[in-house]
Amino acid sequence: MPEGNTILRLARAHNRDLAGRRVAVSAAQKRFAKEAERLDGRVFERAEARGKHLFHHWRGGPIVHVHLGRFGDFYRRDPPPPPPRPSVRMRLATRDATWDLIGPPTCEFVTKEECAAILARLGPDPLSARPDAERVFERLRRTDAPIAHALLDQRILSGVGNIFRAEALFVDGIHPLRPASSLTPGELGRLWATVRRMMRRSVAQRRTFTIEPADRPPGRRQSGARSFYVYQEEQCLRCGGRIRSFPLSGRTMYACETCQPRPSGRTAARLKRSAGSR
DNA sequence: CGATTATGATTAA
DNA sequence: TAATCCTAATCGC
């Protein structure tokens with residue numbers, strides 16, 4: 001259940017547990033058995049996260065490319081680890097920690113060149129140190145598709161998934177169906193900042209959680225607290241109105257159409273004029 | 001027990 | 001657009 005924040009968090013955890021260490025590698029499924037055998041006992045050099053892609057670099061050359069899709073996940077087991085479930089694609093074990101990879105559509109060896117090719121087709125990652133925001137804006141300016149669709153396009157920017165697209169657009173009060181090209185420079189700048197802020201915060205947190213401090217109810221924080229503004233919610237946290245959900249780019253989109261007005265023809269024209277006159 | 005749903009993405013037609 | 005890959009939890013019968 002991963003967007004870029006989860007992948008980055010996993011990469012960091014793998015580096016903490018595995019980097020520089022000799023690792024026992026195994027697989028409960030046949031389809032990774034050969035690869036596991038080849039890796040078994042090698043030294044894990046480092047994990048690298050880009051967008052929703054994860055790479056494991058091993059001493060001696062092999063690179064493992066993992067993409068978790070919608071269902072894939074890594075589970076950390078304390079010693080002694082339980083016997084692997086039949087669905088374990090790849091198990092990475094040291095004396096101190098065991099990582100089980102379950103359900104990824106992609107877990108494969110790649111060459112350095114293939115690795116570079118994967119990275120080359122990804123847009124800037126809002127979680128990287130100095131992402132090229134201008135490149136993202138430039139792409140969005142010439143995209144007629146709805147902004148909520150464009151945010152999922154990994155060639156434009158990488159790492160945003162269905163939760164962050166809905167949550168960021170809500171926070172900035174932008175209707176998901178507005179063409180990406182209709183956003184003003186100010187809106188683009190704020191949206192990018194919101195995405196970075198939300199995702200960055202969600203790397204540090206144990207679970208994905210987008211509600212900003214200013215919107216959190218006062219008092220103690222409790223584990224059962226609401227996590228999202230609109231994603232899979234019924235009622236808007238800010239105005240109390242009903243959250244609408246509808247399919248968009250093959251996924252379920254959520255929005256509060258009071259807090260995220262769809263500009264009328266007139267408003268849209270005014271926005272466009274002010275965008276052009278800057 | 002089957003249907004449904006879930007933070008994704010590629011390939012074929 | 002449709003079919004495909006991948007797993008687990010939940011709900012209704």
Side-chain angles (χ1 to χ4, degrees), chain A residues 1-11 13 27-33 35-36 49-55 64-77 82-91 99-108 110 114-115 117-123 125-127 145-146 148-171 176 194-196 198-211 226-234 243 245-255:
Chain A
M1 310 106 86
E3 296 186 27
N5 63 310
T6 306
I7 306 304
L8 181 53
R9 191 191 308 141
L10 282 170
Q29 298 178 322
K30 271 218 275 285
R31 59 185 140 185
F32 198 70
E35 290 85 346
R50 292 291 196 88
K52 299 170 188 169
H53 296 258
L54 179 67
F55 299 92
V64 176
H65 171 223
V66 175
H67 196 293
L68 296 180
R70 267 183 299 184
F71 317 134
D73 208 353
F74 276 98
Y75 298 87
R76 188 185 191 279
R77 319 286 191 194
R85 294 194 201 201
S87 54
V88 170
R89 184 76 59 84
M90 175 173 74
R91 166 170 279 199
W99 284 93
D100 282 342
L101 170 61
I102 308 284
T106 306
C107 175
E108 60 184 4
V110 291
E114 288 165 331
C115 180
I118 292 163
L119 297 182
R121 57 172 201 254
L122 294 177
D125 181 345
L127 287 174
H149 176 84
L151 286 174
L152 289 188
D153 187 337
Q154 305 295 302
R155 296 167 302 184
I156 299 180
L157 73 170
S158 59
V160 170
N162 203 30
I163 291 181
F164 285 108
R165 74 160 172 174
E167 297 290 292
L169 288 172
F170 171 83
V171 164
T194 298
V195 166
R196 290 199 77 195
M198 271 187 171
M199 294 189 71
R200 197 162 281 290
R201 189 151 37 218
S202 271
V203 176
Q205 292 156 181
R206 186 152 307 188
R207 69 193 172 113
T208 301
F209 181 98
T210 59
I211 298 178
R226 178 165 167 174
S227 297
F228 305 119
Y229 290 101
V230 294
Y231 178 75
Q232 287 186 335
E233 293 292 347
E234 302 266 310
I243 303 297
S245 65
F246 52 93
L248 183 55
S249 37
R251 326 291 298 282
T252 306
M253 180 68 208
Y254 301 84

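Just so you know, these numbers use all the heavy atoms, side chains as well, and skip hydrogens, waters and symmetry mates. Just so it is clear, the model here is predicted, and its values are computed rather than measured. Order of the sequence lines sets the chain letters (A, B, ...), proteins ahead of strands, with each chain counted from 1.
Each of B/dA9, C/dC6, B/dT7 was ranked by its minimum atom distance to the side chain of A/P2; first place goes to B/dT7. When the nucleotides C/dA8, C/dC6, B/dT7 are ranked by their closest atom to the side chain of A/R89, C/dC6 comes out on top. Out of B/dT10, C/dC5, B/dA9, the shortest distance to the side chain of A/R121 is found at B/dT10. Residue A/N162 has its side chain nearest to B/dT7 when only C/dA8, B/dA9, B/dT7 are considered.
At whole-Å resolution of the value, CZ in A/F209 and C1' in B/dT7 are 16 Å apart. Distance A/E108 CD to C/dC6 P: 13 Å, rounded to the nearest Å. Per the geometry, CZ belonging to A/R165 stands 11 Å off P belonging to B/dA9, to the nearest Å. We find that NE2 of A/H149 is positioned 12 Å from P of B/dA9, with the value rounded to whole Å. Protein atom CD of A/Q29 is 10 Å distant from nucleotide atom C1' of C/dT7, rounded to whole Å. The CD1-C1' distance, from A/I7 to B/dA9, rounds to 13 Å in whole Å. Distance CG (A/L68) to C1' (B/dT7): 11 Å, rounded to an integer number of Å. Rounded to an integer number of Å, the gap from CZ of A/R70 to C1' of B/dA9 is 9 Å.
In this model, the phosphate group of B/dA9 is approached by a side-chain N or O of A/K52 to a distance below 4.0 Å at OP1 or OP2. The phosphate of C/dA8 (OP1 or OP2) has a side-chain N or O of A/S87 nearer than 4.0 angstrom. For A/Q154, no side-chain nitrogen or oxygen approaches OP1 or OP2 of B/dT7 to under 4.0 Å.
The nearest pair of heavy atoms linking A/Q154 to A/V160 is NE2-O, 3.1 Å. Contact detail for A/N162 and A/E3: the closest heavy-atom pair is N-OE2, 3.2 Å.
Rounded to whole Å, the P atom of B/dA9 lies 23 Å from the corresponding atom of C/dA9. Separating the P atom of B/dT5 from that of C/dC13 is a span of 14 Å, rounded to the nearest Å. Nucleotides C/dC5 and B/dA13 are separated by 14 Å at their P atoms, to the nearest Å.
Stacking annotation: A/F71 is stacked on the base of C/dT7 (ring centroids less than 5.5 angstrom apart, interplanar angle below 30 degrees).
Secondary-structure stems of DNA chain C, taken as three or more successive Watson-Crick or G-U wobble pairs (i with j, i+1 with j-1) under a 3.5 Å distance threshold, comprise B:1-6 with C:7-12, B:8-12 with C:1-5.
In the displayed structure, A/R50 atom CZ is contacted under 6.0 Å by at most 12 heavy atoms of other residues, nucleotides or ligands. Heavy-atom neighbours of A/H149 NE2 from other residues, nucleotides or ligands within 6.0 Å: at or below the threshold of 12.
Here A/Y231 lies in heavy-atom contact (under 4.0 Å) with sugar-phosphate atoms only. Within 4.0 Å of A/R85, counting heavy atoms only, lie sugar-phosphate atoms of the nucleic acid but no base atom. Within 4.0 Å (heavy atoms only), A/I163 reaches at least one base atom of the nucleic acid.
With rounding to the nearest 0.5 angstrom, the NZ atom of A/K52 is 9.0 Å from the CD1 atom of A/I7.
Taking the six-membered ring where tryptophan is involved, the planes of A/H65 and A/F55 are essentially parallel, since the angle between them stays under 30° and well short of 60°.
In this structure A/S227 satisfies the side-chain hydrogen bond (donor to acceptor under 3.5 Å, both in side chains) test together with A/R207, sequence neighbours excluded.
Judged by distance alone, the side chain of A/R200 and the main-chain N or O of A/V203 form no donor-acceptor pair under 3.5 Å.
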